[in-house]
Amino acid sequence: QVQLVESGGGLVQAGGSLRLSCAASGHTFSNYGMGWFRQAPGKEREFVIAISKSGGRTYYADSVKGRFTISRDNAKNTVYLQMNSLKPEDTAVYYCAASSRTILVRSPPGYDYWGQGTQVTVSS
């Protein structure tokens with residue numbers, strides 16, 4: 001079992017930045033690829049960004065390319081989501097997820113463990 005706890009959400013103006021953190025515990029962190037998803041009210045949960053077990057590969061949704069970056073610190077069992085140039089349409093609950101798959105996918109069923117989510121609100 002892997003426990004994931006997100007932090008760092010909040011309210012920010014359009015054009016601003018936030019950094020989300022996701023702390024993992026319970027299993028060897030470096031055995032899991034990590035992803036971030038988001039879900040806005042009335043919408044399905046959507047893929048945002050992911051990083052491989054070693055951190056050597058990253059995957060981005062087109063909507064966040066050039067604005068969001070993902071990184072991980074395996075020594076601290078933590079993955080980070082740096083969000084810059086935020087837009088009102090980025091408003092959502094952001095979820096951290098862990099995947100044991102060798103090849104990361106962009107769909108929620110490909111992830112084994114989930115955090116409880118953290119709210120990000122971008123005002124215009």
Side-chain angles (χ1 to χ4, degrees):
Q1 194 79 351
V2 175
Q3 292 79 44
L4 302 172
V5 179
E6 302 98 335
S7 61
L11 174 64
V12 64
Q13 287 189 333
S17 299
L18 278 177
R19 188 175 85 152
L20 305 184
S21 299
C22 173
S25 62
H27 270 203
T28 303
F29 182 63
S30 58
N31 285 347
Y32 294 87
M34 300 298 296
W36 288 92
F37 289 75
R38 66 187 181 188
Q39 188 166 17
K43 295 188 176 181
E44 293 187 352
R45 192 168 296 190
E46 65 171 356
F47 171 79
V48 177
I49 200 167
I51 190 167
S52 62
K53 298 174 185 180
S54 66
R57 292 193 175 187
T58 54
Y59 309 84
Y60 296 81
D62 288 343
S63 59
V64 305
K65 275 183 182 176
R67 301 188 300 122
F68 290 13
T69 57
I70 187 171
S71 60
R72 65 188 297 161
D73 186 337
N74 285 348
K76 294 184 178 179
N77 293 349
T78 302
V79 62
Y80 305 97
L81 173 60
Q82 179 66 43
M83 304 185 292
N84 299 328
S85 302
L86 282 160
K87 304 175 182 180
E89 50 264 43
D90 294 319
T91 295
V93 177
Y94 282 71
Y95 297 90
C96 170
S99 174
S100 59
R101 294 186 176 206
T102 301
I103 298 176
L104 290 176
V105 297
R106 299 171 182 240
S107 61
Y111 291 76
D112 306 292
Y113 302 101
W114 292 82
Q116 81 289 350
T118 185
Q119 177 71 46
V120 171
T121 303
V122 184
S123 63
S124 57

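Two residues are said to be in side-chain contact when any heavy atoms from C-beta on lie closer than 4.5 Å; Tyr113 and Ser99 fail this criterion. Put simply, the side chain of Leu20 reaches to within 4.5 Å of the side chain of Val120, judged on heavy atoms. For the pair Ser71/Gln82, no side-chain contact is recorded, criterion being any heavy-atom separation below 4.5 Å from C-beta on. Residues Ser25 and Gln3 have side chains in contact (heavy-atom distance under 4.5 Å, counting atoms from C-beta outward). Between Tyr80 and Arg19, the closest side-chain pair of non-hydrogen atoms falls below 4.5 Å. The shortest side-chain heavy-atom distance between Thr118 and Val93 does not fall under the 4.5 Å cut-off.
Without hydrogens or angle criteria, Arg67 side chain to Ser63 main chain gives a donor-acceptor distance under 3.5 Å. In this structure, Glu6 contributes its side chain and Gln116 its backbone to a donor-acceptor pair below 3.5 Å.
The aromatic rings of His27 and Tyr32 are tilted relative to each other, their planes meeting at an angle between 30° and 60°.
Residues in residues 99-124 take part in no salt bridge (charged side-chain N to carboxylate O under 4.0 Å, His left out) pair, two or more places apart or across chains. Residue pairs that meet the salt bridge (charged side-chain N to carboxylate O under 4.0 Å, His left out) test with at least one member in residues 28-52, sequence neighbours left out, are Arg38-Glu46, Arg38-Asp90.
With hydrogens and angles left out, the side-chain atoms of Thr121 and Gln119 include a donor and acceptor closer than 3.5 Å.
In this view, Asn74 and Arg72 satisfy the side chain to side chain donor-acceptor pair (under 3.5 Å) rule, not counting sequence neighbours.
One hydrophobic cluster holds both Tyr59 and Val105 under the rule that ILVMFWY side chains link at heavy-atom gaps under 4.5 Å. Tracing side-chain contacts under 4.5 Å through hydrophobic residues (I, L, V, M, F, W, Y), one never reaches Val64 starting from Tyr95; they form parts of separate clusters.
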Kindly indicate, with the supporting measurements, whether the criterion side chain to side chain contact (heavy atoms under 4.5 Å, CB included) is fulfilled by Thr58 and Ile49.
CA-CA 7 Å; Thr58 54; Ile49 200 167; 5.6 Å; no
Where do Phe68 and Asn84 land on the side chain to side chain contact (heavy atoms under 4.5 Å, CB included) test, with the steps shown first?
CA-CA 6 Å; Phe68 290 13; Asn84 299 328; over 6 Å; no
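Pairing each heavy atom of Ser124 with each of Pro88, the nearest pair is CB-CG, 3.8 Å. Of all heavy-atom pairs between Leu18 and Gly8, the closest is CD2-O, 3.8 Å. Contact record, Tyr94 with Leu81: CD2-CD2, 4.0 Å, taken as the closest heavy-atom pair.
In summary, the aromatic rings of Phe37 and Tyr111 are positioned with their centroids under 6.0 Å apart.
From Trp36, atom CH2 reaches atom CD1 of Ile51 across 12.0 Å, with rounding to the nearest 0.5 Å. Here CD1 of Ile70 is found 9.0 Å from SG of Cys22. Values are rounded to the nearest 0.5 Å.
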